[in-house]
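Predicted, not measured: the structure shown is a model, and the values here were computed from it. Counting from 1, the numbers follow the sequence of the chain as shown.
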Amino acid sequence: IARPPINFLPSVNKQSQRYNNHKQYLQLSHNLALHLVHVVDIKMSAAGGHYEVTESGIHFRHEPPLPTPKNGQEFLERFQSGFNINILEKPSDNELVFELIGVDVSFANALRRIMISEVPTVAIEHVYMWNNSSIVHDEVLAHRLGLVPINVDPRLFDEFLGEDDEATDRNTIVFRLTVKCGKSKKEDEKLEKARRMRENGGGAGVAAAGGRDHEEEGGDNADTIMDQADLDKAARESALLYQSKHVDVIKLAQAIETPGRPYTRHVYSKDLEWVPQGDQSERFPNGIRPVHEDILLAKLRPGQIIELEAHGRRGVGKDHAKYSPVATASYRLMPRIELIQPVYDELAEELVNLYEPGVFRLEKCSEKDNDDHGTHRVKAVVHNPYACTMSRNYMRNATLKESIKITRIPNHFIFSIESVGMLPPGVILAESLRILQGKCRNLIRLIDESLEAEGLNE
């Protein structure tokens, strides 16, 4: 059943009257606010107040807001003059800390939600299980494969518009996993070496010997999954190319052997082999690999085998958490710290080193700092409000409690992004801003269409 059209606005006459009354109200409130500013010395706030930190918690103190903008142009000019974004630090390649100044909490929270659930990435979506004799169920293994982050730029792939779309080299990546556990680690290494030589077309005699040994053990790892030797060879070459550039990959997460127990082979994400499709080998000359090579997928005992093919595609976090590009995306309000009364000597050292490390620093006192209580050696001054963790430990001291005032600025946010590794945090920020921009354009288009339908668009 088709849904009836949604009327965003009532009838023209009622809406026009409401629109005119609203314009008069805005103009009246604007004039009244300007009058109060000129007549009475009132401190006005762009955020409508601030947060005060007390022993019992944090309390919002209201302040008169700025006058309501007369039109969209004034609002835009005010926003442009007050908005700012600065990079504060980058602790690692996957972490980014920046500040947003002059925005409402709704803007910061929208940015956070977009980072978590709407920035696209590539992850394994479909797993075709050919053989699985391990103790891990097919569904559990497929789920674990889906959670392995893939190090590839999703902007280079097309999006699936529906389940009926055909998989192509422009919207799908293919991985293969073929692992069998032998009687010992030495045997596994021998069979792996023989298989590599066999698939690379070199060392026929050794490969044949390895194949005979393999057949004697009842294995059939020489068979290909898709019966296409060219693709198998391309997959092996891409894996060898990656390992040649990352020597430590071979040493990562080797199987743990406990004396007196049967041999156990650990299957890691490094065992996934990328199978290029179409022209993907030219588009991705360095290959496509998991972000981390040491993610444990399963454990095999002698004779057990896993053979499967995994297809990855582009998606977003609101469909499944495996597509979310961030481990954490959070923000906090910027502290504002004021010294109401000076703090000297031993009390200053205690404040700097014990109560709030990194927030204050010591300075030598000058002659003007001396008072009736005598001369002073050092004094505490505010050094880095960004380092304040809001611990309020200083309030344990009655003197410090009366000397320091901490507030939080409602329109100044400290944003932290920790990427999973599929995308750099700077790219995640840029993509989230682009997506938010697209949402705003879509909203403006819907409003214009509604106003035009009601005859209110000038």
Side-chain angles (χ1 to χ4, degrees), residues 123-150 174-200 206-227 232 235-236 238-240 242-243 246-275 289-312 322:
I124 292 175
E125 177 69 13
H126 296 295
V127 177
Y128 301 93
M129 204 74 61
W130 307 122
N131 191 1
N132 178 20
S133 58
S134 70
I135 63 172
V136 183
H137 293 284
D138 294 353
E139 295 82 359
V140 176
L141 182 57
H143 184 263
R144 292 179 69 85
L145 287 168
L147 294 176
V148 174
I150 307 300
V174 178
F175 286 96
R176 183 184 62 184
L177 181 63
T178 304
V179 182
K180 180 180 179 181
C181 181
K183 292 182 180 180
S184 64
K185 183 178 179 181
K186 185 176 181 180
E187 181 183 347
D188 275 349
E189 292 176 350
K190 180 180 178 181
L191 294 176
E192 183 69 18
K193 182 179 179 180
R195 190 179 67 170
R196 288 186 179 183
M197 295 183 67
R198 191 166 53 247
E199 292 182 359
N200 289 332
V206 178
R212 284 195 298 270
D213 292 341
H214 192 191
E215 291 173 3
E216 290 174 1
E217 297 296 332
D220 57 351
N221 267 5
D223 296 336
T224 62
I225 291 180
M226 296 182 295
D227 249 349
D232 292 341
R236 181 60 61 185
S238 65
L240 291 175
Y242 182 85
Q243 292 182 1
H246 301 76
V247 183
D248 294 336
V249 170
I250 304 176
K251 301 178 182 179
L252 284 176
Q254 296 180 348
I256 302 173
E257 295 188 67
T258 305
R261 297 188 62 186
Y263 170 65
T264 301
R265 177 168 182 175
H266 292 195
V267 182
Y268 292 96
S269 54
K270 68 183 180 69
D271 295 316
L272 287 169
E273 301 170 9
W274 173 54
V275 183
R289 299 297 304 161
V291 174
H292 306 286
E293 299 283 345
D294 58 346
I295 300 176
L296 182 64
L297 300 177
K299 295 182 181 181
L300 301 181
R301 284 293 172 88
Q304 294 180 345
I305 185 172
I306 294 177
E307 289 182 318
L308 59 86
E309 180 181 326
H311 290 190
K322 65 185 177 184

| field | Value rounded to 0.5 Å, distance of OG1 in Thr178 from CG in Asp271 | value | 10.0 Å
Tabulate below the donor-acceptor pairs under 3.5 Å that side-chain atoms of residues 138-146 make, not counting sequence neighbours, or state none.
from   : atom 1 : to     : atom 2 : distance (Å)
Asp138 : OD1    : Asn132 : ND2    : 2.7
Arg144 : NE     : Leu297 : O      : 3.1
Arg144 : NH2    : Leu296 : O      : 2.5

| message | Quick check: closest heavy atoms across Asn131 and Ile305, and the distance to 0.1 Å? | response | ND2-CG2, 3.3 Å
| Test item: Ser269 side-chain N/O and Glu293 main-chain N/O as donor-acceptor pair under 3.5 Å | yes
| query | Between NZ of Lys190 and OG of Ser184, what distance do you get to the nearest 0.5 Å? | reply | 10.0 Å
| Within the distance-only criterion (no hydrogens, no angle test), does the side chain of Ser134 pair as donor or acceptor with the backbone N or O of Leu300 below 3.5 angstrom? | no
| request: Could you please spell out the steps behind the side-chain contact (heavy atoms from CB on, under 4.5 Å) verdict for Thr264 and Arg301? | output: CA-CA 5 Å; Thr264 301; Arg301 284 293 172 88; 2.7 Å; yes
| request: Check whether any side-chain heavy atom of Pro290 sits under 4.5 Å from a side-chain heavy atom of Leu272, and report yes or no. | output: yes
| said: Between Arg289 (side chain only) and Lys270 (backbone N and O only), is there a donor and an acceptor less than 3.5 Å apart? | reply: yes
| Pairing residues for His126 by the side chain to side chain contact (heavy atoms under 4.5 Å, CB included) criterion, not counting sequence neighbours | Tyr128, Glu163, His311, Arg313
| query | Taking only residues two or more places apart in sequence, or in another chain, which ones meet Glu125 in a side-chain hydrogen bond (donor to acceptor under 3.5 Å, both in side chains)? | reply | Lys322, Tyr323
| Heavy-atom pair of closest approach, residues Trp274 and Val174 | CD1-O, 3.4 Å
| note | d(Leu177 CG, Leu308 CG) to nearest 0.5 Å is 4.5 Å
| CD/Gln304 to SG/Cys181 distance, rounded to the nearest 0.5 angstrom? | 7.0 Å
| remark: Residues passing the salt bridge (Lys or Arg N to Asp or Glu O under 4.0 Å) test with Asp188, sequence neighbours excluded, are Arg265
| request: Nearest 0.5 Å please: distance from the OH atom of Tyr263 over to the NZ atom of Lys183. | output: 14.0 Å
| query | What's the shortest heavy-atom distance between Ala123 and Ile150, and which atoms? | reply | CA-CG1, 4.4 Å
| query | Step by step, would you call Lys299 with His266 a side-chain contact (heavy atoms from CB on, under 4.5 Å)? | reply | CA-CA 5 Å; Lys299 295 182 181 181; His266 292 195; 3.8 Å; yes
